[in-house]
Amino acid sequence: MLLEHLRAKLSAIEAQSLTRFLRQAESPTAPRQQVRGADGVTRELLMFCSNDYLGLAAEPQITAALIEGAMIYGGGSGASPLISGHSRAHEQVAETLSAWMAPHIPEAKALGFCTGYMANLAVVTALGDEQTEIFSEAWNHASLIDGSRLARAQVTRYAHADVAQLRGLLAASQAKVKLIVTDAVFSMDGDLAPLPELLALADDFDAWLIVDDAHGFGVLGERGRGSLEHFKLRSERLILVGTLGKAAGLAGAFVVAHATITDYLLQAARNYIFSTASPPAIEHALLTSLALIESDLGAERRANLRRLQAQLRVGIAAMLARHPALGWRLAPSDTPVQPLIIGGNAEVMALAARLEREGLRVPGIRPPTVPAGEARLRITLCATHVEADVDRLLLALAAAAADMDVSTP
Ligand SMILES: *Cc1c(COP(=O)(O)O)cnc(C)c1O
């Protein structure tokens, strides 16, 4: 009976071409990776799908630091941070991130988390109390949406990047505390939130601005400090959340905000207090990762990302111009997240499967992750891709487009 109930749900998912399945990586995260598919066969794929934007996930200096960290601290942290899980390495990572954000947030202080998902739940639930109204951007990441659902606050959604609508909602709000919550770089679209305008609204209406920089940290800004550096923002209203599992190449996450906020999170954020601290070896290795992000190597990799983005966009635009009948479009994006919007679920999955047969892994993203009718290939670039890799993707896309375009003779 219980199993039948779930089997019916699984069939409904399958009928909509929405079934997801796991593949198995058998070599380090890199543009070329050994992947075992659902058919049990292992192949080398050219990957356009990870969030390892700077190619640090398999960087030898970081792997060496991870080994060194394990020799110093051993394996697990053993407890939650307030009991005994907070190591010197955890403290050093927090100090580094506080210093990085000091130009952007007065009295900046960092608090570490195991994942970005947890960090988002923590800030939104701890700050979103009964006296608060949360203003949540429509395209926010699932973790921010889940945080809003768990919070005791009233939640009001505003349309994507709609600053005028948000102004109206803030003006009408009677709440004692107002909390604007947004992704900095939208994870399925690659575009940037209008952070300067949002911060101006926060000033006008005495609100906090929570910025989730999962995809900007390491990538944006001259020194890779992310969206706040990119937009040259500074305010004590800014509450920055970032993950260390994407461009930083490891795992973990952080909140950086005015010390009063992080001091409060330490007392009130339940998923900080009641969850085991990350392994200290990872924190030790993060010190190397952060140093690399800031170094010449980091700067060169960011420059290479911008070159690859331009190459990809020019190539896809030319392909789309030849096949207007397909109705595909390239989303406007100035980041390594470059979505090619296809439309239907079955269509995008057929395209992704065809690319995978040709040795290219570009994931199809379907609802509910993106709106219905906007299923897409989410192409992500990595700084260690080379020009020939992007050429190979462009050729494969052009061939697929020619085959799928019924208007071509
Ligand atoms: C990936 C992601 C997160 C979650 O970070 P993890 O460290 O992977 O848990 C949060 N917000 C956004 C926008 C993301 O893309």
Side-chain angles (χ1 to χ4, degrees), residues 20 22 25 29 49-54 56-57 90 93-94 97 110-126 134 136-151 157 160-161 179-195 198 209-220 226-228 230 238-257 269 271-272 275-279 282-283 285-286 289-290 293 331 333 335-339 363 365 368-370 376 378-382:
R20 304 167 189 257
L22 287 169
T29 299
C49 52
S50 87
N51 303 310
D52 176 31
Y53 302 121
L54 297 181
L56 293 180
H90 285 88
V93 169
L97 290 168
L111 197 65
F113 288 83
C114 290
T115 70
Y117 200 113
M118 278 296 182
N120 275 337
L121 284 192
V123 220
V124 177
T125 56
I134 294 172
S136 180
E137 147 81 55
W139 289 7
N140 273 347
H141 187 261
S143 55
L144 291 172
I145 296 170
D146 292 356
S148 303
R149 283 185 185 148
L150 274 176
R157 214 170 94 124
H160 178 58
L179 200 61
I180 305 169
V181 179
T182 186
D183 281 16
V185 176
F186 292 92
S187 51
M188 295 301 137
D189 293 79
D191 59 328
L192 271 69
L195 293 182
L198 295 179
L209 177 57
I210 297 182
V211 175
D212 175 358
D213 207 15
H215 300 275
F217 184 76
V219 171
L220 297 177
S227 299
L228 303 189
H230 173 82
L238 288 165
I239 300 171
L240 180 72
V241 185
T243 173
L244 300 164
K246 290 174 180 163
L250 274 157
F254 59 83
V255 175
V256 187
N271 44 3
Y272 182 82
S275 186
T276 302
S278 61
I282 289 183
E283 303 294 320
L286 278 169
S289 164
L290 294 175
I293 287 173
S333 161
T335 68
V337 180
Q338 294 287 333
I365 308 287
T369 311
V370 295
R376 64 196 63 188
R378 179 177 182 266
I379 305 167
T380 58
L381 293 165
C382 173

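Counting convention: from 1, in listed order, for ligands and their atoms alike. Since this is a predicted model, take the numbers as computed values, not measurements. Reckoned from all heavy atoms, side chains included, excluding hydrogens, waters and symmetry mates.
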Inset, instruction - Kindly indicate, with the supporting measurements, whether the criterion side chain to side chain contact (heavy atoms under 4.5 Å, CB included) is fulfilled by Glu137 and Leu198. - result: CA-CA 11 Å; Glu137 147 81 55; Leu198 295 179; 5.9 Å; no
Inset, instruction - Run through ligand 1 for me and note each protein residue having a heavy atom under 4.0 Å from it, chain first, then residue number. - result: Thr115, Gly116, Tyr117, Asn120, His141, Ser143, Asp183, Ser187, Asp212, Ala214, His215, Thr243, Lys246
Inset, instruction - Among His141, His160, His215, find the one that has a ring pair (Phe, Tyr, Trp, His ring centres under 6.0 Å) with Phe186. - result: His160
Legend entry - Option from Asn120, Thr243, Thr182, Asn140 for which side-chain hydrogen bond (donor to acceptor under 3.5 Å, both in side chains) with Asp212 holds: Asn120
Inset, instruction - Of all the heavy-atom pairs spanning Ser333 and Gln338, show the shortest one and how long it is. - result: O-NE2, 3.1 Å
Legend entry - Sequence neighbours excluded - salt bridge (Lys or Arg N to Asp or Glu O under 4.0 Å) pairs with any residue from residues 138-147: Asp146-Arg149
Inset, instruction - Search all heavy atoms of Cys382 against all heavy atoms of Asp52 and return the closest pair with its distance. - result: SG-O, 3.3 Å
